[in-house]
Structures are given as structure tokens and as C-alpha cells.
Amino acid sequence: MESLVIVGASLAGLSAARAARSLGFGGRVVIIGDELQRPYDRPPLSKDFLAGRIEIEELTLETDTEALDAEWILGTRAVSFDPSTRTVHLEDGGMVHADALVIATGASPRNLPQIAGADNVVTLRTIADAHKLRELVRAGGRMVVIGAGFIGAEVASTAHALGMEVTVVEKSPTPLCGPLGTQLGAVVAGLHERAGVELICGADITDFDLTDGSVSAVHLADGRVLPADVVLVGIGAAPNTGWLESSGIELGNGVVCDAFGGTSLPGVVAVGDCAAWWEPVTGRHHRVEHWTGAAQRPGVAVSALLGADPATLPAVKPPYFWSDQYGTRLQFAGDASRAERVVYEHGGPGEDSLLAVYYAGEEPVAVLGWNQVKLFGRWRKTLEKIAAAARTPAPPHEAAQSVAAAVAAASPAAAAATTAAAPAGA
């Protein structure tokens, strides 16, 4: 293999290039990106960058001492991949041969067609989006945030701190009920309320008022009308896989991959937000749209791409994310969809901090920390140990003993904490 082409020049693509060089690949590395910027950190866009506390040069992900020896093709997107010739075709007419291909094209924010293109409507994914939003935010203005996920909540928090009147509209029963479940999503709702930000859940939007090319009001199904100077749309993202439709690579909700990032086409792996990896524990494919996944999983995928024995590859760590909202650090690891109950090991609803552990039977499957960095760290390591142990089949009694030992290591009290248990919710 002489050439490794990485399509996608954000964190996942950069992580793939780093992995290839660290594993001793000495061939040609080409990194293709549709933005003109070299890889930059996206999480601060909704927080410190929006607030004006940092600028673009402080977001760079590359270090001064890195020696990737890579060719960068920026400002043009890949439009197709021909598997017969192993050629990536670019929007500007260029072509790049790929002995091996890493797909790291990420995802694009979903928009609302009725208001797409309005002067004061923003989705937040890129530096350009963040610059536009920063210019629109002003003290005394009114912001309507559509979607109470990570982006929506963080922008609401930042805009509120900058003096805006903010209303958050969410179609689901609670914020973050997908990743956290409704029980803990309802607890997170208290963050908005205590900060003085109006949160409207279970709401349907029926119409928008447009004035001189801008949205001036948002109409809800219950008759409420929300005046708006700025509208932030944060309703999730769709994987950027359209350019692969004629490639023969299997697509679903993202690029369909095995447990190590391998696609249906030999010599091609996918990483980052566009990649739906097989999850052996849950028996389904799943896209992990978090910073740590984009930083860690490319190392596994590139190792497999370069011929490593799957048995020697490191265990894929459980999904992990963090979110800073209203002065609170939320941290989550694992898969809440597997949970049958939740145990509050520390604190609880209405308190300044909490640590909640999700269980399937007696096995911890996820953990949420709220201003509990140290305790959360122990539980996160516990989940990682359980995930690593699951790669090596063991008799049921040995597996149960392994889980019990991991739980006891995280917190001796948790092994017997059943009286505080509550149903996990949907």
C-alpha cells in the first residue's frame, strides 16, 4: 500500500493521519477537506468562541511539532469514489488515487426548509456558522433556540450569559431524552429553568413570521407566538454520505461498518460522525457523534486497515461526551438505551451535583455526572473495563464476578445500592 487518502479534514481525519504515522506507515498521506481551514476544535464554537473569549487561532488541533508529512487538499469536497480505479473525484475536477481510503466526512446540521437561508437563522457546525452567530448575538436581543440537544443548550447558555432573552423549544418530552433517557432528561431541564431560560418541551412549531428576509416570530401549535431576533436551529445532523451512493459501499444511517470501522469494501474504513460502527453488546450499528469517538476510534480503524490482527486491537471504549451548560459540567458515558433502572449514587434532582448510574440487571451500562468529575471518572473507567472484558468470552459466573468486581472498585456502596433505584424511563 503506497497511498492513504483521508476524506475529511476535521478531528477524525486528523486522528486517522496521526494513527497511520504512529503505526509506521511511510507512504503518501492525502487529507481532503471541504473547508479552507486546517483541522480545528468544534466544541468551543458554542461556548468560548461564541462568547468572544477565544479566537480561531486558539482552536487549531495541530501542534507545532507534528510531522505528519501529509498533502492537504482544502476548500473542495469529494463528490464520488470509484472502487474499480480506487479514485476519489473532487468537486473542482481533481482526482486522487487511494490504495486505502479513510472516510471521515462527518455530518451536516439539519435545517428547517421554511426558514433556511433567512438572514437571522443559524445552524452551528463550522467556523463560518459561528462567526455569523457571534455577529447576531447582542445583549437585550431575543433568541429562539429550536432543539434542546447539546448545541441548542450550550448556545442558549452562552447567549443568556451575554444578556439575551432566550427561549428553548424542544419537540421531545425532555432535553436530551435520546442519549440520557426521559428520567435524567427531566433533571437536566432544571438547568434551563434555574438559569431563567424558558424551556418549552413537547412543542410543535406550526409557522414562522418572515420580515425583510429575517424570522421575526415563531408560532407554536398551542397558540403561543415567540418573538425572535435570532433563531438557532439545533435539531441534529445527517451523515455526509451522499458522495458514496454510487461507490457500492453499504450505507444506512451513515457508512455501515464492522466493529473496527471496516466497510463493505476492502481497504476502506469510516470514522467519526459519518460512521455507523457495529456494537457487539447491543447488536446494532450506531453512529457516535462525540469528540472522543472522533479522537479515539480512528486509531482502531487505521490499525485494522494496515493489517493488524483484530484480536490485538484495543477495545473500543464506550461512547463519552461532556457538555458545559449554565456553569454546570455534564459528563456521560455508556448507552442509556440498555438501562432498566437508574441509581443515584450521589446527590439527586434539584441538587447542585449528582452521579447517576444506569443498570441493566446488575450490570452498569451508563453513567451521568453533574459537577462530579472525580467520581464520574472512576465510573467511566469501570465501564471501559467491562467493555474490554466483554471482548473475551467467559462463563456466565465469571462474567458476573468480573462485573461485580468492577462495580465494587468504582464504589463499594454501589454494589448493594438497590433501594435508591428508580425505573430508567424511555
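For this chain, numbers begin at 1 and follow the sequence in order.
For the pair Arg297 and Trp277, the cation-pi criterion (under 6.0 Å, within 45° of the ring axis) is fulfilled.
With respect to the salt-bridge test (charged N to carboxylate O, under 4.0 angstrom), the residues Glu66 and Arg21 do not qualify. Note on Glu165 versus Arg142: no salt bridge recorded, every NZ/NE/NH1/NH2 to OD/OE distance being 4.0 Å or above. Taking 4.0 Å as the cut-off between side-chain N and carboxylate O, Asp99 and Arg86 do not count as a salt-bridged pair. Under a 4.0 Å N-O distance rule, the pair Glu362/Arg341 qualifies as a salt bridge. Ion pairing of Asp229 with Arg138 is present here, as a side-chain N (NZ or NE/NH1/NH2) and a carboxylate O approach within less than 4.0 Å. Ionic pairing of Lys47 and Asp324 is not present here: no N-O contact between side-chain nitrogen and carboxylate oxygen is shorter than 4.0 angstrom.
Looking only at atom types and distance, the side chain of Thr167 has a donor-acceptor partner in the side chain of Glu198 under 3.5 Å away.
Applying the salt bridge (Lys or Arg N to Asp or Glu O under 4.0 Å) test to pairs two or more places apart or on separate chains, those with a residue in residues 113-133 are Arg125-Asp273.
The ring of Phe150 has its center no closer than 6.0 angstrom to the ring center of Phe332. Centroid-to-centroid, the aromatic rings of Tyr320 and His290 stay 6.0 Å apart or farther.
Put simply, CG on Leu45 and CG on Leu133 are 10.0 Å apart, with the number rounded to the nearest 0.5 Å.
Tyr40 pairs in a side-chain hydrogen bond (donor to acceptor under 3.5 Å, both in side chains) with only one of the listed residues (Arg42, Arg38, Gln37), which is Arg42.
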